[in-house]
Amino acid sequence: MDLQINKEQREKIWQYIQKRIETHRSGIINQRVSPILDKPSVRKLLESQPFDKVMDPVEAIELVLSGLENHLVHTSHPHYMGLFNPRSNFASIIGDLITAAYNPQMATWSHAPFPIECEQYVVEQLGKKLGYEDYCDGVFTSGGAEANLTAVTCALNYVFPEVKKAGLKSLNANPVLYCSTEAHHSVARAAIVTGLGANSVRNIPTNSVLQMDMDILEQTIKTDISNGFDPFCIIGTAGTTGAGAIDDLNTIRLISDTYGLWMHTDAAYGGALCLTKQYNYLLKEIEASDSITLDAHKWLSVPMGAGIFLTRHNQILSQTFGISTDYMPKEGKALNNIDPYTHSIQWSRRFIGLKLYLSLLIYGWEGYDKSISDDIRIGKYLKELLIADGWKIYNNTELPIVCFGMASWESSRDQVFNVVEDIVAQGQMWLSSFKIKNVNTIRACITNYETRDKEIETIVSLLRAFQKQ
Ligand SMILES: *Cc1c(COP(=O)(O)O)cnc(C)c1O
């Protein structure tokens, strides 16, 4: 057998997979959210079918689907109150399918005029929503971590242009960057990958509402300068991963200007607020950022991986990542387009933007506005119901992330971990834990457009059984 499957069989497979996926997605509420963790069964399933014999395609697909159905946390489940992993919207699933089938090569413009212009168009339109009215450049990435790595690399090359050729070792400087203790750890990873090292990240403590403390930030910058360090970048977070705090972007801009630093805003999660009429004021000042991270695979409900790096500087991506080669296609050179491979960390790259473009075509800004605003409303409803049941709330954010616990648990180190472990093991809902100012809390986050009033009421009633532990 070669790599062909005949037409008749293909038609059978299309029909089969369509039905199976529909059944899975519409019946997910009756399934466990989280699996029983059982590595031997997973291995047994995999080893049941060695590659030296071939399988009927439908049986092969069935093997995969049974593996997925039984051994996976179902982030598309309306009781998954998790880590920003959404239920993929239907348009975006079709988008990803089309991407796989047409397989556009996104390295050079001439290979993929429609896909590349389409991504650029989506970047520009999103840029306008984020307040980059006049100009917005950007690139779709695998996720927020790559977008943050892109940001740190651009910031470094902006402030120290000699780094591109001669490397960090040529610098007669000691570059450092700033973010809060609540910032995502992909910032530390970016410092590691760029060779700056994790110690070059200054984690600034937060105030009572978990925003980066602006006085400590400025004081740390001053101390660093007087100790011979060279600040080059501040990374504010708009919607922290733990508790949904939004840093004071206005003051970060002022401090960045005073010291000549690049301002990056990590809005991987919270950036979605800019698509709403009611809540976009929360990110009003994001437009002052030199660059922004936004993850479409979080609150914009498209499948992983889909991050976006956006910037208002028109040269920085080419200046940072540009490289010339002999072997890349040259046709269409006179058209004066930018080849994405000269503009990003990735080289060959899939058509990541299609799943978002198709979602926007089918649901429009309006669909996203409604879905995101509803999630926020549901978050407030969850908070109300929890308070009515005697739970204590530990965070304060407009975003649909609720960190809660019983006041009587505060003195116990492990109580929250034990409860969360029991909740997850029971399989009816998925919640995590998060430490706020030394108190462990249960964290519930709504990013599923099918988690609505009824689901929230079920979750709160299920939680009652754990209150007395
Ligand atoms: C999730 C997240 C990231 C990392 O994004 P990935 O898509 O997981 O790579 C970065 N920053 C924030 C604030 C996040 O919430």
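Note that the structure is predicted; figures quoted are calculated from it, not measured. Throughout, numbering of the chain's residues begins at 1 and tracks the sequence.
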Checklist entry - Counting heavy atoms not belonging to Tyr381, are there more than 12 under 6.0 Å from its OH? => result yes
Item to check | Inter- and intrachain pairs under salt bridge (charged side-chain N to carboxylate O under 4.0 Å, His left out), touching residues 198-211, at least two apart | outcome: Arg202-Asp224
Next on the checklist: A quick test of your reading: do over 12 heavy atoms of other residues, nucleotides or ligands sit less than 6.0 Å from NE2 of His111?
Outcome noted: no
Checklist entry - Thinking salt bridges, do Lys380 and Asp375 make one under a 4.0 Å N-O criterion? => result no
Item to check | Partners meeting ring pair (Phe, Tyr, Trp, His ring centres under 6.0 Å) with Trp347 (sequence neighbours left out) | outcome: Tyr341
Checklist entry - Any salt bridge between Asp290 and Arg253, counting N to O under 4.0 Å? => result yes
Next on the checklist: List the residues meeting salt bridge (charged side-chain N to carboxylate O under 4.0 Å, His left out) with Glu47, not counting sequence neighbours, and say none if there are none.
Outcome noted: Arg43
Checklist outcome for this item: With sequence neighbours left out, the residues meeting side-chain hydrogen bond (donor to acceptor under 3.5 Å, both in side chains) with Asp96 are Arg350, Lys355
Checklist outcome for this item: Residues at least two apart in sequence or cross-chain that pass side-chain hydrogen bond (donor to acceptor under 3.5 Å, both in side chains) with Asp374, listed by chain then number, are Lys370
For residues 182-191, tabulate all N or O donor-acceptor pairs below 3.5 Å that involve a side-chain atom, not counting sequence neighbours.
from   : atom 1 : to     : atom 2 : distance (Å)
His184 : ND1    : Ser186 : N      : 3.0
His184 : ND1    : Ser186 : OG     : 2.8
Ser186 : OG     : Asn148 : ND2    : 3.1

Next on the checklist: So does Ile235 get a backbone contact from the side chain of His264, meaning a donor-acceptor N/O pair under 3.5 Å?
Outcome noted: no
Checklist entry - Is the number of heavy atoms from other residues, nucleotides or ligands under 6.0 Å of Leu361 CG greater than 12? => result yes
Checklist entry - Looking at residues at least two apart in the chain, or sitting in another chain, which of them share a salt bridge (charged side-chain N to carboxylate O under 4.0 Å, His left out) with Asp38? => result none
Checklist entry - With a 4.5 Å heavy-atom cut-off, do Ser359 and Leu300 have their side chains touching? => result no
Item to check | Partners meeting ring pair (Phe, Tyr, Trp, His ring centres under 6.0 Å) with Phe351 (sequence neighbours left out) | outcome: none
Item to check | Short N-O contact, Lys12 and Glu8, less than 4.0 angstrom | outcome: no
Checklist entry - If you count the non-hydrogen atoms of other residues, nucleotides and ligands that lie under 6.0 Å from OH in Tyr135, is the total more than 12? => result yes
Side-chain atoms of residues 416-429: list all donor-acceptor pairs with protein atoms under 3.5 Å, sequence neighbours left out, distances to 0.1 Å.
from   : atom 1 : to     : atom 2 : distance (Å)
Asn418 : ND2    : Asp414 : O      : 3.4
Asp422 : OD2    : Gln469 : NE2    : 3.3
Gln426 : NE2    : Gln428 : OE1    : 3.1

Checklist entry - When rounded to the nearest 0.5 angstrom, what is the spacing between CG in Leu294 and CG in Leu126? => result 6.0 Å
Checklist entry - Who pairs with His343 by ring pair (Phe, Tyr, Trp, His ring centres under 6.0 Å), at least two apart in sequence or on another chain? => result none
Checklist entry - Is it true that Glu69 and Arg20 make a salt bridge, defined as a side-chain N closer than 4.0 Å to a carboxylate O? => result yes
Checklist entry - Looking at Phe84, is Arg443 sitting on its ring face, NZ or CZ under 6.0 Å from the six-membered ring centre and within 45 degrees of the normal? => result yes
Next on the checklist: List the residues meeting ring pair (Phe, Tyr, Trp, His ring centres under 6.0 Å) with Trp262, not counting sequence neighbours, and say none if there are none.
Outcome noted: Tyr158, His313
Next on the checklist: Give me the atom names and distance for the closest heavy-atom approach of Tyr132 to Ser289.
Outcome noted: OH-O, 2.7 Å
Next on the checklist: For Lys437, give me all partners under side-chain hydrogen bond (donor to acceptor under 3.5 Å, both in side chains), at least two apart in sequence or on another chain.
Outcome noted: Thr206
